Amino acid sequence: MRTIDTGTDHLQAEVDHGVAVLTMNRPERRNAMSGEMLVGLQRALQDAELSRDVRCVVLTGAGGGFCAGGDVKGFAEGSARSGPTSFDEKVHNQRVQQRATAGVLWKLPKPTLAVLPGPAAGAGLSLALACDLRVAVEGTVLTTAFAKVGFSGDFGGSWFLTQLVGAAKAREMYFLSDRVDADEALRLGLLNQVLPADGFVEGWHALARRLADGPTIAYRYMKENINRAMTEDLIECMDMEALHHLHCGGTEDHLEASKAFVEKRTPTFHGR
């Protein structure tokens, strides 16, 4: 096991058996985002993307919750301490933060898993939706929450949600900001699994290890193919699929999987 230096207690990160677990750690504020947390998340994601010992990234929260979104009170206090900031600077800073967190989770060439031990709201929900897969404990609720505080939404949530549930449902969830329980979220495709409380930790650990033990090169190109499918036309996607497919066919992992298939055993992938 190794610890990733995030520079703050607001974001804890460690790597074990190929899985980087990034934990938003402000349980007293329901893991609401702070400036320190966002900087720590950027550092941890950069480490996870570039480190060979990381094959899967898990994003979760401490203290029985995932993330309540932005910490409005905390950001206001921070602004007061740092002095006045122009509107243009605020826009630029938030754009940089969004790209380096939600944007990186979406594009990261390794599987990403959001583990929800409790509620996800606002920008916290956006971060969960930026991940490839989402697992929640039974009883978890999700909400965009923005309409209730007079915000329009950030960290890519409107884009991710529209891709997952369609524009009509996304409008409903943003305009009304109702709470969506875990079963309904599973039905809508917002969650991939809902696990009982007594087997939650074991369940998400097993899924994370399964991803970490998988064909990481193939995962990289699967993710790029699917991401491109959201914005490009069929012919462009098929052309890129052909390139990626043949590239994977030349890897040691493909050769190992082919041998394992013939020998009727589970392949062991090494990311080569």
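Fair warning: this is a prediction, and the values are worked out from it, not measured in the lab.
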Item to check | Side-chain heavy-atom pair F175, T144 within 4.5 angstrom cut-off | outcome: no
Checklist entry - Rounded to the nearest 0.5 Å, what separation is found between the CG atom of L133 and the CD atom of Q193? => result 8.0 Å
Checklist entry - If you draw a 6.0 Å radius around CD in E236, do more than 12 non-hydrogen atoms from other residues or ligands fall strictly inside? => result yes
Item to check | ILVMFWY network linking M222 to L164, side-chain heavy atoms under 4.5 angstrom | outcome: no
Next on the checklist: Less than 4.5 Å apart, side chain to side chain, heavy atoms only: is that true for L191 and V135?
Outcome noted: no
Checklist entry - Measuring from E184:CD to L190:CG, what's the distance to the nearest 0.5 Å? => result 8.5 Å
Next on the checklist: Between K259 and L255, does the side-chain contact (heavy atoms from CB on, under 4.5 Å) criterion hold? Intermediate values first, please.
Outcome noted: CA-CA 6 Å; K259 289 181 178 178; L255 179 61; 4.1 Å; yes
Checklist entry - Any donor and acceptor pair, going by atom type alone, linking the side chain of T251 with main-chain N or O of C248 inside 3.5 Å? => result yes
Item to check | Which atom of P117 lies closest to which atom of G65, heavy atoms considered | outcome: CG-O, 3.5 Å
Checklist entry - Which is it for L129 and L161 under the side-chain contact (heavy atoms from CB on, under 4.5 Å) test, yes or no, and what are the steps along the way? => result CA-CA 7 Å; L129 298 179; L161 192 60; 4.0 Å; yes
Checklist entry - Counting distance only, does the side-chain N/O of D53 pair as donor-acceptor with the main-chain N or O of G18 below 3.5 Å? => result no
Checklist entry - For the residue pair V58 and V115, what are the closest heavy atoms and their distance? => result CG1-CG2, 3.6 Å
Next on the checklist: Count I, L, V, M, F, W, Y as connected when their side-chain heavy atoms are under 4.5 Å apart, and connections chain through other members. Are M173 and L186 then in the same cluster?
Outcome noted: yes
Checklist entry - After noting the C-alpha distance and the side-chain angles of R2 and S51, does the key distance pass the side chain to side chain donor-acceptor pair (under 3.5 Å) rule? => result CA-CA 12 Å; R2 84 175 164 89; S51 298; 3.2 Å; yes
Next on the checklist: Tell me if a side-chain donor or acceptor on N25 pairs with a main-chain N or O of D9 at a distance below 3.5 Å.
Outcome noted: yes
Item to check | K110 side chain vs V54 backbone, donor-acceptor pair below 3.5 Å | outcome: yes
Next on the checklist: Is it the case that the side chain of R99 and the backbone of V104 share a donor-acceptor pair, with hydrogens and angles ignored and the cut-off at 3.5 Å?
Outcome noted: no
Checklist entry - Would a hydrophobic clustering, with Ile, Leu, Val, Met, Phe, Trp and Tyr connected at side-chain separations under 4.5 Å, put L113 with L125? => result no
Item to check | Nearest heavy-atom neighbours spanning A32 and C67 | outcome: CA-SG, 4.5 Å
Next on the checklist: Less than 4.5 Å apart, side chain to side chain, heavy atoms only: is that true for Q97 and R95?
Outcome noted: no
Checklist outcome for this item: From the list I4, T6, L38, side-chain contact (heavy atoms from CB on, under 4.5 Å) with L11 holds only for T6
Checklist entry - Please walk me through it: do Q98 and Q94 pass side chain to side chain donor-acceptor pair (under 3.5 Å)? => result CA-CA 6 Å; Q98 292 180 160; Q94 181 155 347; 3.1 Å; yes
Checklist outcome for this item: Between R55 and G214, the two heavy atoms sitting closest are NH2-O, 2.9 Å
Checklist entry - Between A123 and G70, what is the shortest heavy-atom contact and its length? => result CB-N, 4.3 Å
Next on the checklist: Using the side-chain contact (heavy atoms from CB on, under 4.5 Å) definition, which of the options V21, L116, V137 pairs with W204?
Outcome noted: V21
Item to check | Within 6.0 angstrom of F151 CZ, more than 12 heavy atoms from elsewhere | outcome: no
Checklist entry - Just wondering, do K169 and T162 contact through their side chains at under 4.5 Å, heavy atoms? => result no
Checklist entry - Any side-chain heavy atom of L22 within less than 4.5 Å of one from V57? => result yes
Item to check | A212 to H17 - nearest heavy-atom pair and separation | outcome: CB-O, 4.0 Å
Next on the checklist: Between N225 (side chain only) and Y221 (backbone N and O only), is there a donor and an acceptor less than 3.5 Å apart?
Outcome noted: yes
Checklist entry - CG of D233 to CZ of R228: how many Å apart, nearest 0.5 Å? => result 11.5 Å
Item to check | Co-membership, hydrophobic cluster, residues F200 and L142, 4.5 Å side-chain | outcome: no
Next on the checklist: With a 4.5 Å cut-off on side-chain heavy atoms, are S258 and H254 touching?
Outcome noted: yes
Checklist entry - Roughly how far apart are M24 CE and L127 CG, rounded to 0.5 Å? => result 6.0 Å
Checklist entry - Are side-chain heavy atoms of R26 and S34 found at a separation under 4.5 Å? => result yes
Next on the checklist: Determine whether R265 and E256 satisfy the following criterion, salt bridge (Lys or Arg N to Asp or Glu O under 4.0 Å), listing intermediate values before the conclusion.
Outcome noted: CA-CA 10 Å; R265 59 175 175 84; E256 158 63 9; 2.7 Å; yes
Checklist entry - Is the closest side-chain heavy-atom distance between F155 and M33 below 4.5 Å? => result yes
Checklist entry - Between W159 and W106, how do the two ring planes meet: parallel, tilted or perpendicular, split at 30° and 60°? => result perpendicular
Item to check | Short side-chain to backbone donor-acceptor contact, R30 and P27, under 3.5 Å | outcome: no
Checklist entry - Taking the side chain from T143 and the backbone from S177, do they hold a donor-acceptor pair closer than 3.5 Å? => result yes
Checklist outcome for this item: The reported gap from CE in M238 to CD in E241 (rounded to nearest 0.5 angstrom) is 8.0 Å
Item to check | Heavy-atom donor-acceptor pair, N31 side chain to F66 backbone, under 3.5 Å | outcome: yes
Item to check | Between CD on residue E232 and CG on residue D239, distance to nearest 0.5 Å | outcome: 10.0 Å
Checklist entry - Is D132 reaching over with its side chain to a backbone N or O of K223, donor-acceptor style, under 3.5 angstrom? => result no
Checklist entry - Is Y219 linked to V19 within one hydrophobic cluster, defined over Ile, Leu, Val, Met, Phe, Trp and Tyr using a side-chain heavy-atom separation of less than 4.5 Å? => result yes
